[in-house]
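Presented below is the structure to which this report refers.
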2 protein chains.
Amino acid sequence: MDRPVVPLGRPRAERADAKRNRLRLLAVAREMIAEGGVGSVTMDALAERAGLGKGTVFRRFGTRAGIFKALLEEEAHRFQEQVLNGPPPLGPGARAEARLVAYGRARIDFLIDNLDVARAATDRGFVAGPPAAVDMTLTHFRVLLREAGLGLRDPEILAVQLAAALEGPLLGYQAQGAGLPAPEAGPRLADGWRDLVERLFRGEPN
Amino acid sequence: MDRPVVPLGRPRAERADAKRNRLRLLAVAREMIAEGGVGSVTMDALAERAGLGKGTVFRRFGTRAGIFKALLEEEAHRFQEQVLNGPPPLGPGARAEARLVAYGRARIDFLIDNLDVARAATDRGFVAGPPAAVDMTLTHFRVLLREAGLGLRDPEILAVQLAAALEGPLLGYQAQGAGLPAPEAGPRLADGWRDLVERLFRGEPN
DNA sequence: CAATTAAACGGACTTTACCCCGCTTATATT
DNA sequence: AATATAAGCGGGGTAAAGTCCGTTTAATTG
């Protein structure tokens, strides 16, 4: 008896070969992106170059977008560390308003640096649910807005809207082409974001 | 001489067969959507059912998303009519703030009614530029914001952000699944939108 | 009305994401 | 160590988007 009853939810820990292959695939994907851009990462090519079967790639990541999501998550992890434990205003210790502004600036830089990957991490029209990256933003905003109080009727919704206002312009329409020439986009979006947040908080005590 | 020198920009008027086929394809696409949903509209099936070659479909619409964009544009035309010439607060005659709120409410309803099509009108991650529908929103917001004055440092950017805050939640993450159960989404988003706009305008004379 | 030409047409072909399922292997159990 | 089994693996197969290019045709011109 006394066998380790696995709590029904938890999946039975990743098998060693699975982990090895997952890491391998991510590494190879990074190489391929560096060499030939996001577009050069096809499932067949990735599998072959990693010396694995195509089926394995799909088993590990589910979809093509899944690979880029995973790649992004690795990066985002470092970022999240700063948000949770780093120095203010990005990290805890500053007012919600200042933290929102700081988060936005950092996130915009991050997205610009990883635009292609972030785009590729998005299946057609995001249908399959938010990229984990957006989830991170959303979660953080929810906390900050609730903390800030304000007279918010529905903080949840505002979090969603702000996340969209922050990420949408880069992930979606507008990043390049219509409206915003790529080079200036960063600072301009960052300034715009600051104005937006300050305007929302204007006149609030907090 | 005296031949009608076509101003270099204008394309040489759509040929009769081209127009006929374009309309035909749109009609058939609508039928197929009604019967089997957006997913049932494949390029092959559409072409065959319309009695045309696949090449023709692509020539007319460029990409699969192009078909849905065209479909949306037809609908959006009626809507735009209301915005340009209808009664206030949607049409001209009300303050910018009220018009923004009204536009948002109407647009949310429109998007909810046409969610699948709107999503399908979006190529992977919007890469190919904003759907024409978003363009409409953007243009309108630019005008309203400039008209409103406020102390805006960069009205262009705010227009983009607001458009994203309005359409993003529906077109992208959040519409169904994470967070917002579909049935309540409409009113809740509309209320949230109103709050957002009012908060932005708070304390302004205009 | 005949000639001219740019545009449109069609459908075979290519590419790629994603599915299926029989075989293999890591891990837990005794 | 032997066994059992859930997980993982591989790679051929399918479906659908998008391309190419030779053929056809609507519009224009003289």
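Numbered from 1 within each chain, the chains take letters A, B, ... in sequence-line order.
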Within residues 15-51 of chain A, residues whose heavy atoms come under 4.0 Å of DNA chain D: Arg15(A), Asp17(A), Ala18(A), Asn21(A)
Interatomic distance, Glu14(B) CD vs dA8(C) P [rounded to whole Å]: 8 Å
Ring centre gap for Phe61(B) and Phe68(B) strictly below 6.0 Å: no
Salt bridge Asp191(A)-Arg153(B), side-chain N to carboxylate O under 4.0 Å: no
N-O pairing of Arg188(B) and Asp154(A) below 4.0 Å: yes
Residues, nucleotides or ligands: over 12 heavy atoms within 6.0 Å of Arg49(B) CZ: yes
Distance test, side-chain N/O of Thr56(A) to OP1/OP2 of dG10(D), below 4.0 Å: yes
Spacing of Arg59(B) atom CZ relative to dT24(D) atom P, expressed in whole Å: 17 Å
Just distance, no hydrogens or angles: give the donor-acceptor pairs under 3.5 Å from side chains in residues 79-93 of chain B, sequence neighbours left out.
{"unit_1": "Glu81(B)", "atom_1": "OE2", "unit_2": "Asn85(B)", "atom_2": "ND2", "d": "2.6"}

Nearest-neighbour nucleotide for the Arg60(A) side chain, dG8(D), dA8(C), dG18(D) considered: dG8(D)
Side chain of Arg64(A) - closest among dA17(C), dG18(D), dA8(C): dA17(C)
Nucleotide dG18(D), atom P - distance to NZ of Lys54(B) in whole Å: 10 Å
Glu48(B), CD: over 12 other non-hydrogen atoms inside 6.0 angstrom: no
Report each atom pair, protein N/O against N/O of nucleotides 21-23 of chain D, whose distance is under 3.5 angstrom.
none

Glu167(B) versus Thr137(B), side-chain donor and acceptor atoms under 3.5 Å: yes
From Met136(B) atom CE to Leu138(B) atom CG, the distance as rounded to the nearest 0.5 Å: 11.5 Å
